[in-house]
Protein chains: 2
Amino acid sequence: MLTQTEENYLKALFTLTETEEGKTEAGTNELAAVLNVKPATANDMLKKLKEKKLISYEKYGKISLMAAGRKLAVEIVRKHRLWETFLYEKLEFTWDEVHEVAEQLEHIHSPKLIEKLEKFLDYPQLDPHGDVIPNAKGEMKMPVRKTLAQLPVGKTCKLVAVKDNSASFLQYVVQVGLGLSSKIKVVTRQSFDGSLEIEVNGRRSSVSQKFAENLYVV
Amino acid sequence: MLTQTEENYLKALFTLTETEEGKTEAGTNELAAVLNVKPATANDMLKKLKEKKLISYEKYGKISLMAAGRKLAVEIVRKHRLWETFLYEKLEFTWDEVHEVAEQLEHIHSPKLIEKLEKFLDYPQLDPHGDVIPNAKGEMKMPVRKTLAQLPVGKTCKLVAVKDNSASFLQYVVQVGLGLSSKIKVVTRQSFDGSLEIEVNGRRSSVSQKFAENLYVV
DNA sequence: AAATATTGTTAGACTAGTCTAACTTATTAT
DNA sequence: ATAATAAGTTAGACTAGTCTAACAATATTT
């Protein structure tokens with residue numbers, strides 16, 4: 001069985017190599033940065049994970065997950081997102097509070113617990129941030145997602161997810177009056193810089209293109 | 001903040017010094033035994049916990065919890081019992097399955113999580129084994145508890161807790177047709193050895209005095 | 001009270017995970 | 001194509017938690 005630390009490395013590699021489109025490899029420094037450790041530390045762990053045949057990696061080369069490693073990583077992501085859903089839906093946690101606690105809960109080992117939790121939550125498809133929850137087989141059906149930046153002027157849409165899950169971004173989102181399932185209307189778009197004027201619950205705000213690109217809508 | 005290991009030592013000391021009536025101290029070997037480590041290991045940790053002023057302990061002397069250590073221990077017991085209640089009541093875990101998973105969940109650090117979980121469970125007083133759940137202030141109101149062995153012949157009672165929480169005992173309990181809240185009628189008692197004939201859901205069984213002493217009833 | 005048994009302690013070693021500091025390889029820019 | 005920069009690696013050290021083996025103190029038995 002893996003240690004929590006090993007699990008964290010696999011999860012980080014998963015998000016690093018599968019979140020950004022087309023990317024399938026990561027580097028030592030990059031990995032160390034997201035895990036808040038020094039490159040030397042990450043390097044040691046990479047050797048260990050290679051030894052266990054969970055990643056493929058050669059000295060001075062790029063890192064990628066092997067099938068067994070990816071499977072374990074997906075399992076951890078699944079647990080993380082199910083716990084986030086539990087905290088949000090059953091325990092009244094807010095959007096930006098769930099992540100930190102789920103970081104701990106994702107390391108609880110008990111297949112039965114996750115099965116039962118998923119059932120209790122009635123087999124949710126998306127977590128509170130709108131990210132896909134892998135099913136028990138490790139499959140993630142990726143919905144095609146559109147960002148607010150792509151929506152034509154005049155149209156109304158519903159917020160289903162955010163791309164950036166940092167607490168600072170989430171707090172900004174809340175500040176603009178947005179939450180999951182909020183209705184958003186695009187009032188105007190500046191062709192100069194792509195910034196938008198939007199309307200949420202009758203309240204108008206002006207947001208940058210970058211902001212709009214971080215909001216997934218349907 | 002304490003490590004999981006430190007938390008486990010405090011919890012073990014708590015159960016060792018407060019579960020048995022009148023006992024307020026423990027020894028190194030005894031502690032090591034319940035934690036499944038060698039006495040040498042426990043000895044190292046005792047020095048560390050003493051350093052942190054969580055226990056009182058002198059070389060070759062007995063061990064007892066100091067106020068700060070006891071408070072932390074109670075907090076862990078509280079978390080353990082709330083999680084057991086959650087697993088049993090919400091996730092359909094059985095009586096004998098909850099403990100193992102709760103051993104992991106009790107180490108999640110988040111005051112808000114425990115507050116909300118307690119509220120979600122509607123402030124339960126007893127866990128699935130009938131043990132008292134300490135409240136947020138760390139108070140445990142100990143109910144006076146009667147065992148089945150003390151019940152007069154002819155009386156009917158309800159099972160609220162068991163003294164021995166070992167999986168083997170719990171499985172035996174289930175075998176006799178008993179569960180939490182089961183109604184039990186004492187049909188006969190042998191004055192020779194204190195053994196009882198009991199009736200549960202119309203089904204009669206004969207049980208030893210020792211068995212009956214491990215069942216708390218109201 | 002001496003012998004024996006139990007209980008507790010110490011010293012030294014090991015693993016996992018981390019660090020710093022020095023070094024090597026690869027990439028980029030002039 | 002060489003110098004500068006970035007990325008990656010190694011060696012050695014540290015902490016936490018564990019072990020074994022040897023030793024010391026305390027308790028028990030005869």
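All values below come from the heavy atoms of this structure, side chains included, with hydrogens, waters and symmetry mates left out. What you see is a predicted model, and the numbers here were worked out from it, not measured in a lab.
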A:His80: which of A:Glu106, A:Glu75, A:His107 passes side chain to side chain donor-acceptor pair (under 3.5 Å):
A:Glu106
Gap between atoms CD1 and C1', on B:Ile63 and C:dT9 respectively (whole Å)
13 Å
B:Asn43 and B:Tyr57 side chains, donor-acceptor separation under 3.5 Å
yes
Of the candidates D:dC19, D:dT10, C:dT10, the side chain of B:Asn43 sits closest to C:dT10
Under a 4.0 Å heavy-atom criterion, the protein footprint on nucleotides 20-25 of chain C, written with B, S and -, is B---BS
Could you state the atom-to-atom distance from CG of B:Asp44 to P of C:dA11 in whole Å?
11 Å
Reckon B:Thr28 has a side-chain N or O less than 4.0 Å from the OP1 or OP2 of C:dT9?
yes
Between P on D:dT26 and NZ on B:Lys62, what's the gap in Å once rounded to a whole number?
12 Å
Partners meeting side-chain hydrogen bond (donor to acceptor under 3.5 Å, both in side chains) with A:Lys52 (sequence neighbours left out):
A:Glu6
Starting at NZ of B:Lys50 and ending at P of C:dG8, how long is that distance when rounded to a whole Å?
16 Å
Residues forming a ring pair (Phe, Tyr, Trp, His ring centres under 6.0 Å) with A:Phe93, sequence neighbours excluded
none
Ignoring backbone atoms, test whether B:Tyr9 places a side-chain nitrogen or oxygen under 4.0 Å from the OP1 or OP2 oxygen of D:dT18.
yes
B:Phe14: ring pair (Phe, Tyr, Trp, His ring centres under 6.0 Å) partners, not counting sequence neighbours
none
To the nearest angstrom, the CG-P distance between B:Asn8 and D:dA16 comes to 17 Å
A:Tyr9: what forms a ring pair (Phe, Tyr, Trp, His ring centres under 6.0 Å) with it, not counting sequence neighbours?
none
Ring pair (Phe, Tyr, Trp, His ring centres under 6.0 Å) partners of B:Tyr60, counting only residues at least two apart:
none
The side chain of B:Pro39 lies closest to which of these nucleotides: D:dT18, D:dT9, C:dT9?
C:dT9
Out of C:dT10, C:dC19, D:dT9, which has the shortest distance to the side chain of A:Val37?
C:dC19
Assign each of A:Glu6 and B:Glu58 to its nearest nucleotide of DNA chain C by heavy atoms, then name whichever residue's nucleotide is nearer the 5' end.
B:Glu58
Ignoring backbone atoms, establish whether B:Lys47 has a side-chain N or O less than 4.0 Å from OP1 or OP2 of C:dT10.
yes
Rounded distance (Å) that lies between atom C1' of C:dT9 and atom CG of B:Asn29
11 Å
